[in-house]
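Take a look at the structure below.
Each chain gets a letter, A, B and so on, in the order the sequences are listed, and its residues count up from 1.
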Amino acid sequence: MTQPGTIEAERSRDIRKRWLLSLPALLIVLLAATGPLLIVLLYSFLTPGPYGDVLWKPSPDGWIGVFLERDIFTETLSLADAHVSIFVRSVLLSLATTLVTLLFGFPTAYFIATRPERTRELWLLLITIPFWTNLLIRTFAVLQIIRNEGLINTLLMKFGLIERPIQMLFTDGAILTGMVYVYLPLMVLPVYANLEKLDFRLVEAAYDLYATPFRVLTKIIIPLAKPGLIAGSILVFIPALGAYVTPSILGGGKNLMLGNLIELQFGQGRNWPLGSALSITLMLIVTVALLVYVRNVGSQEKRHG
Amino acid sequence: MARRFSVQRQTGFATIAIICFFALYLPIVVLVFYAFNSADSLSSFQGLSLRWFARAFENRQVIDASIRSLQIAGVAATAATIAATMAAIATTRTEPYRGLTLKYAFINQPLMVPEIVTAVALLIFFARIKIWTGYNGLGYLIAAHTAFCVPFAYLPIRARLENMDSTLEKAAADLYATPWNAFRYVTLPLLWPGILAGFMLAFVISLDDVVITEFVKSAGQDTLPTYMLGQIRRTITPEMNAISALFLLLSICVVIVFFVVNRKRV
Amino acid sequence: MKRILAGLAVTTAVLAYAGLAQAAGELNIYNWGNYTSPDMIKKFEDTYKVKVTITDYDSNDTALAKVRQGGSGFDMVVPSQNYIPIWISEGLLLESDPGKMENFKNVAKEWADPEFDKGRKYTVPWAMGTVGTVVNSDVYKGDINTWAIVFDTPAELKGKVNVVPEMNDVIDAAVLYNGGTKCTGDLTILKKVRDTLVKAKPNWVAMEYGTIEKMLSGDFAASSDWNGSALRQRLKNPAIHYGYPKEGFVFWSDNLAVLKDAKNVENAKLFQNFMMDPENAGMNSGFHRYANGIAGSDKFMPADMKGAPEIDVPAQFASVGVPSMTCPPQVQELYTKIWTELQK
């Protein structure tokens with residue numbers, strides 16, 4: 001089909017076709033997600049309206065407020081340590097959530113991918129069924145289990161293993177459990193989609209060469225599953241950064257998460273420019289991290305072949 | 001029973017998977033159990049009764065909201081999956097070309113913004129259109145849901161496509177299959193698990209969305225999550241458990257239908 | 001001049017009557033969730049052949065932001081009294097003049113001419129209540145009529161106190177506890193407020209809304225709370241009591257208004273009038289469990305609400321009640337900073 005000399009033309013036609021194919025997705029995202037964000041960018045440079053919204057008067061205060069803070073009592077400017085500690089808390093929680101979902105999600109996805117072909121999709125559906133119930137209801141169900149008079153404590157007391165209920169609700173452990181519970185399918189599904197096409201002849205070959213199961217796992221399966229693991233980690237990590245429903249219900253809501261902090265500015269705080277600036281900061285950090293990630297992974301793939 | 005050696009076996013993986021499934025379903029069992037509670041609150045169990053199901057059925061707001069949630073999720077997840085599949089094909093298995101990384105970042109962008117921000121931006125943007133056109137139907141919610149579902153559908157499909165062998169498609173093309181036929185009979189079947197995973201993710205993500213929906217909805221467009229959000233400051237009754245139980249029942253029906261249809265196909 | 005006024009009055013009356021006669025069609029109400037009695041709505045629908053649609057919101061700020069942007073098709077809204085001056089000054093409400101409606105005579109004297117809507121030109125009372133404390137007397141037997149329950153938590157209650165995370169309510173309480181006045185911008189008071197809050201927080205087990213359920217299950221032994229919520233708790237567990245803090249407590253009200261861009265103005269006015277009927281208001285109270293500001297409506301409330309100490313403020317506490325009001329933007333900014341620092 002390809003004649004020499006037309007390779008260039010072929011390639012540019014291919015690229016044009018690729019742009020056309022991605023057009024619907026790009027358009028819908030532009031129209032109903034990214035485009036409107038320009039409004040937020042604009043708002044971050046305006047003055048807060050007295051009762052929410054903005055006044056059309058330029059002001060850098062929104063951006064200054066992200067990083068610096070004028071102490072209301074001493075009037076001194078200092079690093080906004082409240083914002084920093086809230087940011088750090090959210091990042092740590094997201095990291096922990098991603099790690100634990102990886103730890104549980106990968107073997108689960110592997111398990112599903114190695115079932116007989118006919119039942120695989122059933123297992124996959126089984127993963128998503130719990131998520132047909134609302135997030136709030138699901139979180140409340142977790143709460144029923146770990147509360148002082150909940151299932152776990154009642155059972156433990158019945159068997160005489162403990163005297164008094166263990167306080168599990170309103171702890172960091174409770175938050176992490178809830179987050180993992182909520183985000184697990186976001187890990188399992190992409191990892192599965194990737195593992196499902198794993199060629200087990202490679203694994204067989206490795207065993208023929210007397211590789212141990214562990215070496216097979218780390219040297220063959222995991223590298224091959226990498227795109228899925230990355231997709232899953234992104235899908236868990238980023239939404240977890242902005243999560244606050246689960247942390248407030250299971251953690252007791254005594255500490256703000258990034259999501260709360262931003263929502264506060266658009267709500268009772270009535271500082272839309274600060275809220276806008278905070279969210280753009282978050283977005284930039286995540287985008288840069290993601291781009292670096294994709295670049296590195298991309299170049300690695302090329303090295304592989 | 002002596003286990004036959006299998007190349008697929010990894011020690012402990014099955015155990016972890018079983019633990020995962022157990023942990024996933026334990027709260028669900030509790031939830032359904034409490035749907036049959038006769039007491040007024042979620043905190044004590046007093047006996048079996050169907051009163052919360054009856055209450056839920058009488059509550060027009062809840063019924064409307066549930067149906068609306070399913071409608072939006074169905075349409076938005078389908079649209080997002082189609083768009084994401086096309087985009088995934090366009091962004092994988094190619095030499096890097098100009099704009100590829102940008103495209104990738106762009107499609108995933110809805111993931112990167114806290115929901116409240118997209119919500120406020122959409123509120124301002126859509127309000128202008130609502131006033132300008134006078135139309136304030138479900139279209140806005142569907143558009144917003146489709147947009148934030150795109151990355152959730154895109155990532156699993158892309159993960160599936162990446163380093164998927166393209167020789168079969170090339171072979172089909174060499175045999176003068178039209179691009180559509182090559183896609184229909186070669187790419188699509190290979191891609192199917194990724195598409196299914198992507199669709200299911202998009203569907204549950206849409207079903208769960210609160211904040212964006214809260215800000216975009218017009219009069220009479222409560223979904224189940226926004227209805228529940230409104231209740232949080234008052235009291236949440238086991239009525240919600242009953243509704244959730246019904247949703248579960250529905251999802252199980254879908255699974256059974258799916259399974260039966262699949263059986264026939266195989 | 002008099003003749004013109006009289007003429008106007010007659011025209012309005014005729015128009016109003018015409019509106020009454022024509023009323024049919026739809027009505028879109030934007031209200032707090034779980035706050036509208038379905039039976040009462042049914043009665044309105046049957047009487048006036050109007051289809052009512054209720055859409056929920058979860059905070060004053062969301063409702064305000066949405067309506068301000070416009071285009072969502074709502075006819076009526078139920079803002080809290082501290083937000084009503086904002087709604088009015090932003091020109092979002094229609095001057096429907098409920099003060100001149102037929103049923104206005106039923107509005108209780110103290111709610112007939114409130115500060116936030118002089119002469120009731122825009123709004124009709126929907127619900128009103130107070131912010132105080134709830135305490136389980138099985139756990140703590142001391143004085144509950146004080147914010148010390150939350151801010152200087154007694155030993156028995158340490159680690160068992162919850163605070164409902166409404167920023168303004170919490171800071172107001174701490175201001176009153178430190179001898180300040182509502183909406184104060186006085187930095188010496190606010191410094192004390194911050195110190196009080198920061199010192200008190202380690203004694204709290206949580207900051208969340210689910211008080212009814214968790215007070216009943218024993219996860220909380222005390223909390224800051226709204227009175228209607230306290231009533232529901234006591235009805236289930238007689239050991240739970242509602243305290244009116246002697247340092248001062250805020251009373252609030254939510255009020256029904258017609259929006260300026262409403263499409264179904266006549267139906268909305270009908271509904272305002274309908275809500276000032278004691279029977280309808282009583283029916284609604286039976287559902288949301290708060291008082292409603294309509295005289296004679298208690299006859300139509302459930303028996304357990306009559307004379308309930310949570311609903312009728314006992315005489316000895318009435319004098320320390322402070323009305324909820326809008327704080328100036330600069331003060332609000334200080335409050336947000338204290339709140340962020342408290343939860344950092």
- How long is the gap from CD1 on B:Ile19 to OG1 on A:Thr108, to the nearest 0.5 Å? 9.0 Å
- Query: Roughly how far, to the nearest 0.5 Å, is the CZ atom of A:Arg18 from the OH atom of B:Tyr97?
  - Reply: 5.5 Å
- Message: Within the 4.5 Å heavy-atom criterion, are B:Phe21 and A:Ile112 side-chain neighbours or not?
- Response: yes
- Note on the structure: Greatest number of non-hydrogen atom pairs under 4.5 angstrom with chain B, of A:Leu198, A:Leu136, A:Leu278, falls to A:Leu136
- Item | Engaged part of A:Arg11 at the chain B interface, taking heavy atoms whose separation is under 4.5 Å | side chain
- Item | Partner chain A: residue of B:Cys20, B:Gly99, B:Ala79, B:Gly12 with the largest heavy-atom pair count (under 4.5 Å) | B:Cys20
- Here the pair of heavy atoms bringing B:Pro151 nearest to A:Leu235 is O-CD2, 4.4 Å
Which donor-acceptor pairs under 3.5 Å do side chains of residues 200-214 of chain B form with protein atoms, sequence neighbours excluded?
from     : atom 1 : to       : atom 2 : distance (Å)
B:Ser206 : OG     : B:His145 : ND1    : 2.9
B:Asp208 : OD1    : A:Leu135 : N      : 2.8
B:Asp208 : OD1    : A:Arg138 : NH2    : 3.4
B:Asp208 : OD2    : A:Arg138 : NH2    : 2.4
B:Asp209 : OD2    : B:Thr213 : N      : 3.0
B:Asp209 : OD2    : B:Thr213 : OG1    : 2.6
B:Thr213 : OG1    : B:His145 : NE2    : 3.0
B:Thr213 : OG1    : B:Asp209 : O      : 3.4
B:Glu214 : OE1    : B:Lys217 : NZ     : 3.2

- Is A:Pro239 close to B:Leu111 at the side-chain level, that is, under 4.5 Å between some pair of heavy atoms? yes
- Query: Highest number of heavy-atom pairs under 4.5 Å with chain B: which of A:Val142, A:Ile15, A:Val203?
  - Reply: A:Ile15
- dist B:Leu155:CG -> A:Asn194:CG (nearest 0.5 Å) comes out at 12.0 Å
- Which residue pairs pass the salt bridge (Lys or Arg N to Asp or Glu O under 4.0 Å) test with at least one member in residues 18-31 of chain B, sequence neighbours excluded? none
- Of all of A:Pro36, A:Ala33, A:Ala141, which one pairs up most often with chain B through heavy atoms under 4.5 Å apart? A:Pro36
- Is it the side chain or the backbone of A:Leu37 that comes within 4.5 Å of chain B heavy atoms, both, or neither? both
- Message: If I take atom CE from residue B:Met86 and atom CG from residue A:Leu20, how far apart are they, to the nearest 0.5 angstrom?
- Response: 7.5 Å
- Highest number of heavy-atom pairs under 4.5 Å with chain A: which of B:Val120, B:Leu229, B:Val150? B:Val120
- Query: Given a strict heavy-atom distance threshold of 4.5 Å, which part of A:Leu26 is in contact with chain B: side chain, backbone, both, or neither?
  - Reply: both
- Item | Short side-chain to backbone donor-acceptor contact, B:Arg160 and A:Gly228, under 3.5 Å | no
- Task: Report the C-alpha distance between B:Phe13 and A:Leu217 in whole Å, list the side-chain angles of each, state the deciding distance to 0.1 Å, and finish with yes or no for side chain to side chain contact (heavy atoms under 4.5 Å, CB included).
- Result: CA-CA 11 Å; B:Phe13 274 29; A:Leu217 180 67; 3.7 Å; yes
- Between CD1 of B:Ile28 and OG1 of A:Thr133, what distance do you get to the nearest 0.5 Å? 4.0 Å
- Note on the structure: Of A:Leu103, A:Val188, A:Ile285, A:Thr114, the largest count of non-hydrogen pairs under 4.5 angstrom with chain B goes to A:Thr114
- Query: Which bit of B:Val30 is near chain A, if near means a heavy-atom gap under 4.5 Å: side chain, backbone, both or neither?
  - Reply: side chain
- Okay, A:Tyr192 and chain B: the region with an atom under 4.5 Å from a heavy atom over there is side chain
- Query: Just how far is it from atom CG of A:Leu31 to atom CZ of B:Phe126, taken to the nearest 0.5 Å?
  - Reply: 6.0 Å
- Message: Which atoms of B:Thr92 are under 4.5 Å from chain A, going by heavy atoms: the side chain, the backbone, both sets, or neither?
- Response: backbone
- Note on the structure: Looking only at heavy atoms, the pair that brings A:Pro130 and B:Leu248 closest together is CA-CD2, 4.4 Å
- Message: Evaluate A:Leu124 against B:Leu196 for side chain to side chain contact (heavy atoms under 4.5 Å, CB included), listing each step before the verdict.
- Response: CA-CA 9 Å; A:Leu124 202 59; B:Leu196 189 71; 4.2 Å; yes
- Item | Residue, of B:Met240, B:Lys103, B:Met228, that accumulates the most heavy atom pairs under 4.5 Å with chain A | B:Lys103
- Message: Please classify the contact between A:Leu184 and chain B as side chain, backbone, both or neither, with a heavy-atom cut-off of under 4.5 Å.
- Response: side chain
- Checking heavy atoms, do the side chain of A:Leu229, its backbone, both or neither come under 4.5 Å from chain B? neither
- Would you indicate whether the side-chain heavy atoms of B:Leu26 and A:Leu151 approach each other to under 4.5 Å? yes
- Item | Residue part contacting chain A, namely of B:Ala14, when any heavy atom lies under 4.5 Å | both
- Task: Check step by step if side chain to side chain contact (heavy atoms under 4.5 Å, CB included) holds for B:Leu31 and A:Phe140.
- Result: CA-CA 8 Å; B:Leu31 179 164; A:Phe140 279 121; over 6 Å; no
- Note on the structure: In short, A:Ile28 meets B:Ala143 closest at the heavy-atom pair CD1-O, 3.8 Å
- Note on the structure: Residue from A:Tyr181, A:Phe106, A:Phe104, A:Phe214 scoring the most non-hydrogen pairs under 4.5 Å with chain B is A:Tyr181
- Task: Give the member of A:Ile238, A:Leu38, A:Ile129 that has the highest number of heavy-atom pairs under 4.5 Å with chain B.
- Result: A:Ile129
- Message: Does any part of the side chain of B:Leu24, heavy atoms only, come nearer than 4.5 Å to the side chain of A:Phe131, both counted from C-beta?
- Response: yes
- Item | Check: A:Phe111 and B:Ile18 side chains under 4.5 Å, non-hydrogen atoms | yes
- Query: Non-hydrogen atoms of chain B under 4.5 Å away: do they reach the side chain of A:Trp19, the backbone, both or neither?
  - Reply: both
- Task: Let me know if B:Glu115 has heavy atoms under 4.5 Å from chain A in its side chain, its backbone, both or neither.
- Result: neither
- Look at B:Ala197, B:Gly198, B:Ala88, B:Ala80 and state which one has the largest set of heavy-atom pairs under 4.5 Å with chain A. B:Ala197
- Message: Between B:Tyr25 and A:Leu126 (side chain of the first, backbone of the second, donor and acceptor by atom type, cut-off under 3.5 Å), is there such a pair?
- Response: yes
- Please report the closest heavy-atom contact between A:Ala231 and B:Ala159, naming both atoms and the distance. CB-CB, 4.2 Å
- Message: Given heavy-atom pairs under 4.5 angstrom as the criterion, report whether the side chain, backbone, both or neither of B:Leu70 touches chain A.
- Response: side chain
- Pair count under 4.5 Å, heavy atoms only, with chain A: among B:Leu123, B:Ile124, B:Ile82, B:Val216, highest is B:Ile124
